[in-house]
Amino acid sequence: MPIPKLAQGFEKAGSIARQRYKMAEKITPRETDYSQWYIDIVLNAKLADYSPVKGSMVIRPRGYAIWERIRDEFDRRFKETGHSNAYFPLLIPMSFLQKEAEHVEGFAPELAVVTHGGGEELEEPYCIRPTSETIIWSMYKNWIQSWRDLPLLINQWANVLRWEKRTRLFLRTSEFLWQEGHTAHETEAEAVEETLKMLEVYRDVVERYLCIPVIPGVKSETEKFAGAVRTYTIEAMVQDKKALQAGTSHFLGQNFAKAFDVKYQTREGTLDYVWATSWGVSTRLVGAVIMTHSDDKGLVLPPAIAPEEVVIVPIYKNESKAAVMEYAGKIFSQLKDLGLRVVLDDDDSSSPGWKFAEWEMRGTPVRLEIGPRDMQNGKAVMVRRDNGEKTVIDAAQAGEKVKETLAFIQTSLYEKAKAFRMANTKPVANREELLAFFGAEGMGTADAQGGFAEALWCGSAECEAELKAQTKATLRCMPLDRQENISGTCALCGAPAKHRAIFARNY
RNA sequence: CGGGACGUAGCCUAGGGGCUAAGGCGUCUGCUUUGGGAGCAGAAGAUCGGAGGUUCAAAUCCUCUCGUCCCGACCA
């Protein structure tokens, strides 16, 4: 009897220690368990919750508010570049998927299929869209006759469903929200230009708005979108040094035009297939933001997407309450008038210390602490969420100071993330270095840490597969700006190199 | 889909065949408090994930099932 009890206690020790820590701190430290830390942040900051439906999540108001800010910025940029929003149906006839061979092969394992409707079996089953190329191109066939109908630039905001066996809040769920742009062009050059233009929009918004540095690049044949000629990506590195694909833009060539017979009359009067692109970003970006910036105290948000930029926490005793609240109220109005998103936490039932911890958990970029002492001196205490720095500021300039600080935070989050990525990106020359870098079995050094390995590559899928089998690292992308002066040999097989590529383990 | 861990009140856990399922946090009421997760007093809150079975007796044992997390396989 004592033996099994001991054994059981021993086995459970790890998880109990973790849970003890959690009770005290709520958030598991990153060092202890990075996955658990991420889950703790999402749940405790009330961004999302598990749903009764397997593989699906509920996006809670706070998580959705962040997504709305991301979505609105992208939407603005899409419209600025000439795109219009539309909406296509959720259900797609199975036969549509089958028209593009590579496309159906790629998505078949992830499809959910509707076989019954109105209590009767359907003649042709529908699948729930995993992406909308097929249904959109079935319509484009009717809408495009002449070069005068081109370019056709449409975007849709929608949910999609891909049956996933292993899910992770925001990063990979069966159902998720995204945007998918689908465009049709007269020429190959114009379609390629569009593909790259949207990749650049993605890069700009993700770097400047979400403060996540990314590497724009091209996917290998192995990793490209099913049905694309070429897939471009922006790749980010999160805090455990894994790669996270933050957005993709595909040059589809004439693949879908041919599959759906979409021809147009050219300026010369001949008939030709149109050239296509598609591009998307999803609620995964919310996960990317969390993983990039947050710390052991909770969420850290770039000011641009924070539901509230500033929180004011008043501190008072009963006799000073009225005066402090009035003083805090004035500062609140001052900030509000400057257009800042500000909340005044006047909840009477919790202590200031509690509120500090709570707003840090929620990720609010700036906190103003306002108590009797500050009131006496016409001051306020400003605290930065990203680095914990406290500054005493003049109440009269509170608005300007906060604005300035928010701008600092926005740039310093980006700089910090970029420095981290650079510190964890290494050039590797050969197989031994690659294996050592990823700490492959038998080859690992004590301090092997992973990250981005930049290596020359011959272009063969065999080399990719071999590295993946040995280290789980995959070819994330071939950086667009690092392809000149390729001379040397493939780090894996030693054949003449054709590309410079980033290899990493990924989400 | 394989291996492992877990599922007891809103949250975290105790109890591993036997009387009314125990505690902490949170919630509610009142008083007192408030510059980094306050104090006292009282109260509410659980068909022990679900279904079957074994037993005089099941939160506890057995079978199945559902779900979550971790590790793999698969995968944008």
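The sequence lines fix the lettering, A, B, ..., with proteins before strands; numbering per chain opens at 1.
- A salt bridge links A:Arg203 with A:Glu200: the distance from a Lys NZ or Arg NE/NH1/NH2 to an Asp or Glu carboxylate oxygen falls below 4.0 Å.
- The existence of a salt bridge linking A:Glu358 and A:Lys355 is excluded, since no basic side-chain nitrogen approaches an acidic carboxylate oxygen closer than 4.0 Å.
- The same atom, P, is picked in B:A59 and in B:G50; the two are 11 Å apart, to the nearest Å.
- In this structure, of B:G36, B:C75, B:G35, it is B:G35 that holds the atom nearest to the side chain of A:Pro372.
- Rounded to an integer number of Å, the gap from NZ of A:Lys390 to P of B:G36 is 7 Å.
- The interatomic distance linking A:Arg172 (CZ) with B:A73 (C1') rounds to 13 Å, in whole Å.
- Distances were taken from every side-chain heavy atom of A:Asp348 (C-beta onward) to each of B:U34, B:C75, B:G37; the shortest belongs to B:U34.
- At a cut-off of 3.5 angstrom, counting only N and O atoms as typed in the model, there is no donor on one side facing an acceptor on the other between the side-chain of A:Glu358 and the base of B:G36.
- A donor-acceptor contact closer than 3.5 angstrom links the side chains of A:Asp348 and A:Tyr316.
- Glycosidic conformation of B:G16: syn, with the torsion inside 90° of 0.
- For A:Tyr50, counting side-chain heavy atoms from C-beta on, the closest listed nucleotide (B:C69, B:G35, B:G36) is B:C69.
- Here the separation of B:C61 from B:C75, taken at their P atoms, is 40 Å to the nearest Å.
- A:Leu91 pairs by the side chain to side chain contact (heavy atoms under 4.5 Å, CB included) definition with A:Val114, A:Tyr126, A:Ile128, not counting sequence neighbours.
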Extract from the structure each pairing of a protein N or O with an N or O of nucleotides 70-72 of chain B at less than 3.5 Å, listing the distance.
from, atom 1, to, atom 2, distance (Å)
B:C71, OP2, A:Arg166, NH2, 2.5
B:G72, N7, A:Arg166, NH1, 3.4

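- The C1' atoms of B:G42 and B:U34 are separated by 23 Å, rounded to the nearest whole Å.
- Mapping A:Phe107 and A:Ser51 onto RNA chain B by nearest heavy atom places A:Ser51 at the nucleotide closer to the 5' end.
- B:G4 and B:C64 have their P atoms separated by 13 Å, given to the nearest Å.
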Pair pattern of RNA chain B in dot-bracket, where unpaired bases get dots and | marks partners in another strand, Watson-Crick or G-U under 3.5 angstrom: ((((((((.[[[[.)..(...]]]].(((((.......))))).....[[[[[..)....]]]]])))))))....

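- Of the candidates B:U34, B:C75, B:G36, B:G36 carries the atom nearest the A:Ala357 side chain, counting heavy atoms from C-beta on.
- No hydrogens or angles considered: nothing links the side chains of A:Arg62 and A:Tyr64 as a donor-acceptor pair under 3.5 Å.
- Here A:Trp178 and A:Phe74 keep their ring centres 6.0 angstrom or further from each other.
- A salt bridge links A:Arg367 to A:Glu369: at least one charged side-chain nitrogen sits closer than 4.0 Å to a carboxylate oxygen.
- With ring centers used as reference points, A:Tyr232 lies 6.0 Å or more from A:Phe225.
- Using atom P as the reference point in both B:G7 and B:G49, the two lie 8 Å apart (nearest Å).
- For the pair A:Tyr507 and A:Val381, both in contact range of RNA chain B, the more 5′-proximal nearest nucleotide belongs to A:Val381.
- A donor atom on one side chain and an acceptor atom on the other are not found under 3.5 Å apart for A:Thr131 and A:Arg129.
- At a threshold of 4.0 angstrom between heavy atoms, the contacts of A:Glu319 with the nucleic acid are absent.
- Taking atom CG of residue A:Asp40 and atom C1' of nucleotide B:C11, one finds them 12 Å apart after rounding to whole Å.
- Taking the C1' atom of each, B:A22 and B:A38 are spaced 26 Å apart, rounded to whole Å.
- Nucleotide B:A73 holds its P atom 11 Å from the CZ atom of A:Arg505, rounded to whole Å.
- Rounding to whole angstrom units, CD1 of residue A:Ile315 and C1' of B:G37 are separated by 14 Å.
- Checked against the 6.0 Å centroid threshold, A:Phe88 and A:His182 do not count as a close aromatic pair.
- For the OP1/OP2 pair of B:G37 and a distance below 4.0 Å, the side-chain nitrogens and oxygens of A:Ser351 include no atom meeting the criterion.
- Residue contacts shown for A:Gly388 are absent, as no nucleic acid heavy atom lies under 4.0 Å away.
- Rounding to whole angstrom units, CG of residue A:Asp49 and C1' of B:G10 are separated by 11 Å.
- Atom C1' of B:A44 sits at a distance of 13 Å from the matching atom of B:G26, rounded to the whole Å.
- Between A:His103 and A:Trp137, a ring centre-to-centre spacing not shorter than 6.0 Å is recorded.
- Taking atom CG of A:Leu43 as the reference point, atom P of B:C11 lies 11 Å away to the nearest angstrom.
- Using modelled atom types, one finds no donor on one side chain facing an acceptor on the other under 3.5 Å when comparing A:His250 with A:Ser278.
- Rounded to the nearest Å, the gap between the C1' atom of B:U68 and that of B:U32 is 42 Å.
- Distances were taken from every side-chain heavy atom of A:Asn318 (C-beta onward) to each of B:C75, B:G35, B:U34; the shortest belongs to B:U34.
- If you take CE of A:Met57 and P of B:C69, they are 11 Å apart, rounded to a whole angstrom.
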